[in-house]
Asks: 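Submitted below is the structure of interest, expressed as structure tokens.
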Protein chains: 2
Amino acid sequence: MAAEFDKCGISCIHEAAVTEAREHMINEEKAQALADTFKTLADPTRVKMLFALLNRELCVCDLAAVIGASESAVSHQLRMLRTQRLVKFRREGKIMFYSLNDNHIITLFEQGIDHIGHS
Amino acid sequence: MAAEFDKCGISCIHEAAVTEAREHMINEEKAQALADTFKTLADPTRVKMLFALLNRELCVCDLAAVIGASESAVSHQLRMLRTQRLVKFRREGKIMFYSLNDNHIITLFEQGIDHIGHS
DNA sequence: TTGTCATATGAACAACTGTTCATATGACAA
DNA sequence: TTGTCATATGAACAGTTGTTCATATGACAA
């Protein structure tokens, strides 16, 4: 039942399952993009920031006050959230208001909380 | 309209919004647990491993063959996936078969893919 | 202009992550 | 027992991450 795959030289046991899994495998770019999205959610500071934005827009120093971090740290993290398009912003004078970009984050949080609940 | 919060000494601008956000804030433990869950999904190798397990169980060397990584690397990553209860396993002789622990991962992937699709 | 406020950015640094290589374990066969 | 196979684990190391501190930008007021 054992078989060899020339491609990588790694031996495997269940050829049919491996072949099928390979055919449906996500491609490298998408895997990286998906990992990058989750990476953006993979830090307690950013989790709290997004949580704070669930029902309202907030400016940078509001966010800093809510989660108890420096404004500089918050600003750095906001850049990452912007890059991953998890938040959007609008300017009003000197103040930048940040809010959630779409509601995928809400669903992701719900599923995540649901998962950690099943301990 | 500006106000000071004694607690952390950080000035903020929109007191009402900050107070409300604070009242609904996720606690430190949950934020960390949520971040840890997302951290587990935040690596392309693990993304591919979970993707391979979407519709079938696979053993360690199968997984290594599917994603093109060493069996050692896969085994290390499986430990993390086990710790976060994203995969479960059963033994059959010397072989360990891994499979998804619940369907939260499926929903998380769907939402994640949906998000990266909105570029 | 000059000054101040809100935010952004760059450099630096400790802490963490994922891989590789070597070794260990545990199950089975001979 | 001994040997082998499938998997797990530990140490080590480069690469990455999140924070802090200092500095820069950009908007508004005087």
Side-chain angles (χ1 to χ4, degrees), chain A residues 1-4 8-14 17-18 31-32 35-36 38-50 57-84 87-98, chain B residues 1-4 8-14 17-18 31-32 35-36 38-50 57-84 87-98:
Chain A
M1 208 202 271
E4 291 281 341
C8 56
I10 296 172
S11 69
C12 65
I13 312 226
H14 311 88
V18 169
Q32 186 64 60
D36 287 343
F38 288 125
K39 199 175 292 181
T40 312
L41 302 168
D43 175 80
T45 301
R46 289 192 294 273
V47 165
K48 285 186 261 179
M49 287 171 64
L50 292 168
E57 63 175 12
L58 291 169
C59 73
V60 177
C61 61
D62 289 344
L63 269 171
V66 171
I67 68 169
S70 75
E71 295 176 17
S72 178
V74 166
S75 184
H76 276 294
Q77 300 293 17
L78 280 169
R79 176 151 67 153
M80 184 168 186
L81 295 174
R82 266 188 279 130
T83 304
Q84 289 294 318
V87 297
K88 60 180 188 291
F89 58 94
R90 69 181 181 84
R91 175 182 285 281
E92 197 172 290
K94 311 176 221 175
I95 302 174
M96 302 287 281
F97 286 95
Y98 283 86
Chain B
M1 208 198 269
E4 290 280 343
C8 56
I10 296 172
S11 68
C12 67
I13 311 228
H14 311 88
V18 169
Q32 186 63 60
D36 287 343
F38 289 125
K39 197 175 293 180
T40 312
L41 302 168
D43 175 79
T45 300
R46 290 191 294 273
V47 165
K48 284 185 261 178
M49 287 170 63
L50 292 168
E57 62 175 11
L58 292 169
C59 72
V60 176
C61 62
D62 289 343
L63 269 170
V66 171
I67 69 169
S70 75
E71 295 175 19
S72 179
V74 166
S75 185
H76 275 295
Q77 300 294 19
L78 279 170
R79 178 151 64 152
M80 185 168 184
L81 295 173
R82 266 187 280 129
T83 304
Q84 288 295 319
V87 298
K88 60 180 188 290
F89 59 94
R90 68 180 181 88
R91 174 182 284 284
E92 197 172 292
K94 310 176 221 175
I95 302 174
M96 301 287 280
F97 286 95
Y98 283 85

Asks: Could you check how far CD of Glu71(B) sits from P of dA22(C), rounded to whole Å?
Replies: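 In whole Å, dA22(C) P and Glu71(B) CD are 16 Å from each other.
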
Asks: Less than 4.0 angstrom between a side-chain N/O of Tyr98(A) and OP1 or OP2 of dA6(C), yes or no?
Replies: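 Checking Tyr98(A) against dA6(C): no side-chain N or O falls below 4.0 Å of OP1 or OP2.
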
Asks: Which nucleotide in the list dT7(D), dT19(C), dA27(C) gets nearest to the side chain of Asp43(B)?
Replies: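 The answer is dT19(C).
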
Asks: Rounding to a whole Å, what distance do you find between Met49(A):CE and dT19(D):C1'?
Replies: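 Roughly 13 Å, once rounded to whole Å.
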
Asks: Tell me: CG of Leu81(A) to P of dG18(D), nearest whole Å?
Replies: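 Answer to the nearest Å: 10 Å.
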
Asks: Between Arg90(A) (CZ) and dA27(D) (C1'), how many Å, whole number?
Replies: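 My rounded result for the distance is 16 Å.
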
Asks: Please report, rounded to the nearest Å, how far the P atom of dG3(C) is from the NZ atom of Lys94(A).
Replies: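 Roughly 15 Å, once rounded to whole Å.
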
Asks: Send over the distance from Lys39(B) NZ to dG18(D) P, rounded to a whole Å.
Replies: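 After rounding, the gap between these two atoms is 8 Å.
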
Asks: Does a nitrogen or oxygen in the side chain of Ser75(A) sit under 4.0 Å from OP1 or OP2 of dT7(C)?
Replies: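 Looking at the OP1 and OP2 atoms of dT7(C), neither is under 4.0 Å from any side-chain N or O of Ser75(A).
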
Asks: Take atom CD of Gln32(B) and atom C1' of dA15(C), then tell me their distance rounded to the nearest Å.
Replies: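 Atom-to-atom, Gln32(B) to dA15(C), this comes out as 13 Å.
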
Asks: Note every stem involving DNA chain C: at least three consecutive Watson-Crick or G-U wobble pairs, i with j then i+1 with j-1, with both distances under 3.5 Å.
Replies: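 For DNA chain C the paired stretches long enough to count as stems (3 pairs minimum) are C:1-30 with D:1-30.
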
Asks: Can you confirm whether Phe89(A) is buried at CZ, in the sense that more than 12 heavy atoms of other residues, nucleotides or ligands lie under 6.0 Å from that atom?
Replies: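 No, not enclosed.
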
Asks: Spell out yes or no: do the side chain of Ser72(A) and the base of dT19(D) have one donor N/O and one acceptor N/O closer than 3.5 Å?
Replies: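 No such pair is found, so the answer is no.
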
Asks: Decide, applying a 5.5 Å centre-distance limit and a 30° plane-angle limit (both strict), whether His76(A) stacks on dT19(D).
Replies: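 No, His76(A) does not stack on the base of dT19(D), since the centre distance and plane angle fail the 5.5 Å and 30° test.
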
Asks: Which listed nucleotide (dT19(C), dT7(C), dA8(D)) is nearest to the side chain of Val60(B)?
Replies: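 That would be dA8(D).
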
